[in-house]
Amino acid sequence: MEQTFYEQVFEVVKLIPKGRVTSYGAIAKSLGAGGSSRMVGHAMRYAGSVHPPLPAHRVVNSVGLLTGKFHFNPPTLMAALLENEGIIIKNDKVQNFTTHFWNPLTEI
DNA sequence: GGATTGACGTGTC
DNA sequence: AGACACGCCAATC
């Protein structure tokens, strides 16, 4: 099986350290997708379909907004998990986003 | 099989 | 600094 774009996305997401978050665009860039950041979002939609549920709660948009929180089982689960990892969520938004940001381009 | 939407990002006004 | 517009490509209708 060739590593599809989605599998690579899953791999990167799984590599996100605990207490850290990243953005769709950063993942897309690290995979060479560049502007195809939306593909990362589509890949995340498969997060609930894959066997090991991906820590999709660690993936937010470029401003640290929990855009996909409504796709979680209880929509509040995303913020709850992030807060459980020491990340502050306010107004469905990651506080100190740049501090908790995990750059796959650099850390991978 | 064409048209629309979408867990987004970046550039421009 | 906030709001609007465009692009990217896949999945769904």
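The analysis underlying the following values was restricted to heavy atoms, covering all of them including side chains, and did not include hydrogens, waters or symmetry mates. Reminder, nothing fancy here: chain letters follow the sequence lines and each chain counts from 1.
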Engineer: Take the protein atom CG of L65(A) and the nucleotide atom C1' of dC8(B), then report the distance between them rounded to whole Å.
Structural biologist: 11 Å
Engineer: Nearest whole Å is fine: how far is dA10(C) C1' from Y46(A) OH?
Structural biologist: 8 Å
Engineer: Taking dA3(C) as the reference, what is the distance to dA7(B) when you measure between their C1' atoms (whole Å, please)?
Structural biologist: 22 Å
Engineer: Starting from C1' on dA7(B), measure out to CZ on F70(A) and report it in whole angstrom.
Structural biologist: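 Interatomic distance, CZ of F70(A) to C1' of dA7(B): 11 Å.
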Engineer: Starting at atom CG of N61(A), determine the distance to atom P of dA7(B), rounded to an integer number of angstrom.
Structural biologist: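 From N61(A) CG to dA7(B) P: 12 Å.
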Engineer: Can you say whether the rings of F10(A) and Y46(A) are parallel (under 30°), tilted (30 to 60°) or perpendicular (over 60°)?
Structural biologist: tilted
Engineer: Of all the choices, dC8(B), dA11(C), dG9(B), which nucleotide is nearest to the side chain of S23(A) once you look at every atom?
Structural biologist: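 Ranking dC8(B), dA11(C), dG9(B) by closest atom to the S23(A) side chain puts dG9(B) first.
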Engineer: Measure the CZ-CD1 distance between F5(A) and I27(A) for me, rounded to the nearest 0.5 Å.
Structural biologist: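 Reported value, rounded in 0.5 Å steps: 8.5 Å.
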Engineer: Can you tell me how far apart CG (L82(A)) and CZ (R20(A)) are? Round to the nearest 0.5 Å.
Structural biologist: 13.5 Å
Engineer: Taking only N and O in the side chain of K29(A), is any of them less than 4.0 Å away from OP1 or OP2 of dT10(B)?
Structural biologist: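 Yes, K29(A) has a side-chain N/O under 4.0 Å of OP1/OP2 on dT10(B).
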Engineer: Counting only side-chain heavy atoms from C-beta out, which of dA7(B), dG9(B), dG6(B) sits nearest to A56(A)?
Structural biologist: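 Output: dA7(B).
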Engineer: State which of dA11(C), dA10(C), dC8(C) makes the closest approach to the side chain of M39(A).
Structural biologist: dA10(C)
Engineer: With a 4.5 Å limit on heavy-atom distance, are the side chains of K14(A) and L54(A) in contact?
Structural biologist: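 Side-chain contact under 4.5 Å: yes.
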Engineer: For R38(A) and dA10(C), what is the distance between atoms CZ and P respectively, to the nearest whole Å?
Structural biologist: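 Roughly 13 Å, once rounded to whole Å.
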Engineer: If I take atom CD1 in residue I27(A) and atom P in nucleotide dC8(C), what distance separates them, rounded to the nearest angstrom?
Structural biologist: 21 Å
Engineer: Heavy atoms from C-beta onward define the side chain here; which of dG9(B), dG6(B), dC8(B) lies closest to that of S62(A)?
Structural biologist: dG9(B)
Engineer: Using only side-chain N and O atoms of R45(A), determine if any of them is under 4.0 Å from OP1 or OP2 of dT12(C).
Structural biologist: yes
Engineer: Touch check for A43(A), heavy atoms < 4.0 angstrom, all strands: base, sugar-phosphate only, or nothing?
Structural biologist: nothing
Engineer: I want to verify a distance call: between dC9(C), dA11(C), dA7(B), whose nearest atom is closest to the S36(A) side chain?
Structural biologist: dC9(C)
Engineer: Using only modelled atom types and a 3.5 angstrom limit, is any donor from either the side chain of S37(A) or the base of dC8(B) paired with an acceptor on the other?
Structural biologist: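 Result: at least one qualifying N/O pair found.
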Engineer: Grab the CZ-C1' distance between F5(A) and dC8(B) for me, whole Å please.
Structural biologist: 11 Å
Engineer: Tell me: OH of Y24(A) to P of dA7(B), nearest whole Å?
Structural biologist: 9 Å
Engineer: Base, sugar-phosphate alone, or nothing: which one does Y6(A) contact when heavy atoms must sit under 4.0 Å apart?
Structural biologist: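 Result for Y6(A) = sugar-phosphate.
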Engineer: So does H71(A) get a side-chain nitrogen or oxygen closer than 4.0 Å to the phosphate oxygens (OP1/OP2) of dA7(B)?
Structural biologist: yes
Engineer: Check the pair H100(A) / E85(A) against side chain to side chain donor-acceptor pair (under 3.5 Å), numbers first and verdict last.
Structural biologist: CA-CA 11 Å; H100(A) 292 297; E85(A) 297 187 353; over 6 Å; no
